[in-house]
Amino acid sequence: MKLYNTLTKKIEEFKPINPGHVNLYTCGPTVYNYAHIGNLRSYILADLLYRTLKYSKLNPIWVMNITDVDDKTIKGTIEKYGKNATVDNLREFTQFYLDEFKKDLDEVNVLRKEITFYRVTDVIPQIQKFIVDLVKKGLAYVAEDGIYFSIEKYQQNIGDYGELVGHKFLEGKKIGARVSVDEYEKDNLSDFVLWKAHNPETDGQIFWQDECGDNEIKIMNGRPGWHIECSVINRIGFNGEPTDIHTGGVDLVFPHHTNEIAQSQALFGKGNFVHHWFHSEHLLVDGKKMAKSAGNFYILKDLEKKIAKKIAGVSFRYLCLQTGYQEQMNFVLENFIGALHNLASIIEAQRNEDKGKTTECDLEMAQNNLNIPQLLAGMNKHLTEYKEYNQILGLDVDSDEVQYYFRPLEDWSLPEEVVNLKNQRRIAREGKNFAKSDELRKQIEDLDYEVLDTPEGQKIKRKISL
Ligand SMILES: [Zn+2]
């Protein structure tokens, strides 16, 4: 299998570190809100990678963190529970969005039940221990407002801090200032926070005490920064082994993944963390970055409002399959509806295929740097192999559900109002009153139904449009 590696900037032959299994890690969501469709695309792409590894019999083990404590989850908890909100409140607040996230993964056919999830608030003692070890090694230091990672010490003792971003990254940048927020820009190379001291003004009563009881290094009351969790969970999730492949969106290359590498290599040595970095490109909406303020922001629930809940997720997945993971995907609502129609025609065609035939799907396309658009095109030509291709493409959908939207409906299943309009329209057409007929068609469409004039007369379907 060949795969592009962000670290070496090359397509490489992929080989597991330890033969017999592949350790696959994906940066999970921050559960302070619903995942948007850009987030979901990156999880669909990780799922395509997981399925390709699985179908190639490489036995992937898939681990994902859940960020349930950070600046944003704390802010959301305080807004909901007030300024004295506790860790229990934080757990409750984030559990809701975690459950919603899992439902979304199910809707887009990610093999969610095969993922091992770790909530950050479940691994606080291990995070504290990791930080204590970093301080003892001289790579981190205790300040008044928290414990920070020293980029200067890393550069002196371990290696190039900017290796994932690229060689020129460090040029002309000043090292040394400190940054305590979880997300920041790359203008300054600041020492980043591993553990934030408790601040009642912003954190309410959300903090943890020292739970690792080290004799030399005392952890102040506080909570972890964002980046440390992934270094720790990579290690816990794979029983201390290094990670074969780490996935995430390109926006995570800096600072998040850069800092993950620094923290982990500081403790385990250079080359002993992630061997292969897999980054997926951004999703744009109408050619622009998605933003609530720009009115082009979608979560899966918005798409479900457009079409049936049970097929919106798979239709979105089908749309995602058409763009390579290293290309920006431009989401346009019209294309989403088009994807639904295509999916429906594949399912319809598949029903009519000879079900006895089975052939192996040609895996080469997926194994060639995850060329899923080519695999999809291959499936469209060989629908008899649908089931084989589908092990990777993951387009399983309840075909009755699809039919429900595409088959003409019998009068008994239509609202009386629609049946009345239909009958009036038949009379108008018999009397050649086409203006009246068009007006009645419009009235039917306003009720979210569609009229087809066929040789057997009028047929009514559910309307699928924007
Ligand atoms: Zn992460």
Side-chain angles (χ1 to χ4, degrees), residues 24-48 50-51 61-82 85-124 126-127 182 203-206 208 223-224 226 229-230 232-233 236-237 247-249 252 283 290 292 297-317 320 394 396-398 401:
L24 175 69
Y25 186 90
T26 296
C27 278
T30 303
V31 280
Y32 73 108
N33 210 332
Y34 295 98
H36 60 61
I37 59 171
N39 302 137
L40 289 177
R41 181 196 181 212
S42 80
Y43 298 118
I44 290 170
L45 292 168
D47 176 70
L48 291 166
Y50 172 79
R51 286 167 180 262
I61 298 160
W62 195 3
V63 169
M64 190 185 287
N65 66 302
I66 299 292
T67 305
D68 61 353
V69 54
D70 81 321
D71 296 344
K72 289 185 281 203
T73 48
I74 289 177
K75 187 163 174 272
T77 305
I78 303 269
E79 274 165 16
K80 182 162 182 203
Y81 295 89
T86 62
V87 168
D88 285 344
N89 297 142
L90 175 83
R91 294 271 300 185
E92 193 174 283
F93 173 74
T94 52
Q95 183 68 50
F96 173 81
Y97 291 107
L98 172 54
D99 292 342
E100 290 297 315
F101 174 67
K102 287 183 175 175
K103 279 186 221 160
D104 282 354
L105 292 186
D106 291 342
E107 296 291 335
V108 296
N109 284 354
V110 165
L111 295 173
R112 192 259 304 172
K113 292 188 176 132
E114 301 186 23
I115 305 173
T116 306
F117 294 97
Y118 287 87
R119 287 180 73 157
V120 175
T121 54
D122 283 331
V123 295
I124 297 290
Q126 292 96 319
I127 289 176
D182 288 328
D203 302 344
Q205 292 304 306
I206 299 168
W208 285 263
R223 45 97 174 190
W226 172 32
E229 66 191 56
C230 284
V232 174
I233 295 170
I236 299 173
T247 84
L252 295 180
L283 175 139
M290 202 171 14
K292 278 183 184 153
F297 188 93
Y298 293 106
I299 61 172
L300 193 57
K301 281 191 195 315
D302 298 324
L303 302 187
E304 287 170 351
K305 276 182 214 147
K306 304 281 178 195
I307 58 174
K309 182 169 165 50
K310 284 188 183 152
I311 47 179
V314 186
S315 300
F316 177 66
R317 181 182 178 99
C320 290
D396 315 80
V397 60
D398 182 347
E401 193 75 27

Using the salt bridge (charged side-chain N to carboxylate O under 4.0 Å, His left out) rule, take D88 and R91 through it: C-alpha gap first, then chi angles, then the decisive distance, then the call.
CA-CA 5 Å; D88 285 344; R91 294 271 300 185; over 6 Å; no

Test ring-ring contact (aromatic ring centres under 6.0 Å, His included) applied to F297 - qualifying residues, sequence neighbours left out:
H36

Parallel, tilted or perpendicular: which one describes the rings of W62 and Y50, with boundaries at 30° and 60°?
parallel

Residues in side chain to side chain donor-acceptor pair (under 3.5 Å) with Y81, at least two apart?
E92

Can you see whether D68 engages T121 through a side-chain donor-acceptor pair at a distance of less than 3.5 angstrom?
yes

Looking at residues at least two apart in the chain, or sitting in another chain, which of them share a side chain to side chain donor-acceptor pair (under 3.5 Å) with T73?
D70

Contact between Y25 and I233 at the side-chain level, heavy atoms closer than 4.5 Å - yes or no?
yes

Taking NZ, NE, NH1 and NH2 as the nitrogens, is one of them in R112 or D104 under 4.0 Å from a carboxylate oxygen of the other?
no

For a salt bridge (charged side-chain N to carboxylate O under 4.0 Å, His left out) check, start with the C-alpha distance between K103 and E107, then their side-chain angles and the critical distance, and finish with the verdict.
CA-CA 6 Å; K103 279 186 221 160; E107 296 291 335; over 6 Å; no

Considering only heavy atoms from C-beta outward, does the side chain of P224 approach that of V120 to under 4.5 Å?
yes

Does NZ or CZ of K102 come closer than 6.0 Å to the centre of the six-membered ring of F117, within 45° of the ring's axis?
yes

Can any side-chain N or O of N65 pair as donor or acceptor with the backbone N or O of G28 at less than 3.5 Å?
yes

Would you indicate whether the side-chain heavy atoms of E229 and V123 approach each other to under 4.5 Å?
no

When you measure from the side chain of R317 to the backbone of N109, do you find a donor-acceptor pair of N or O atoms at a distance under 3.5 Å?
yes

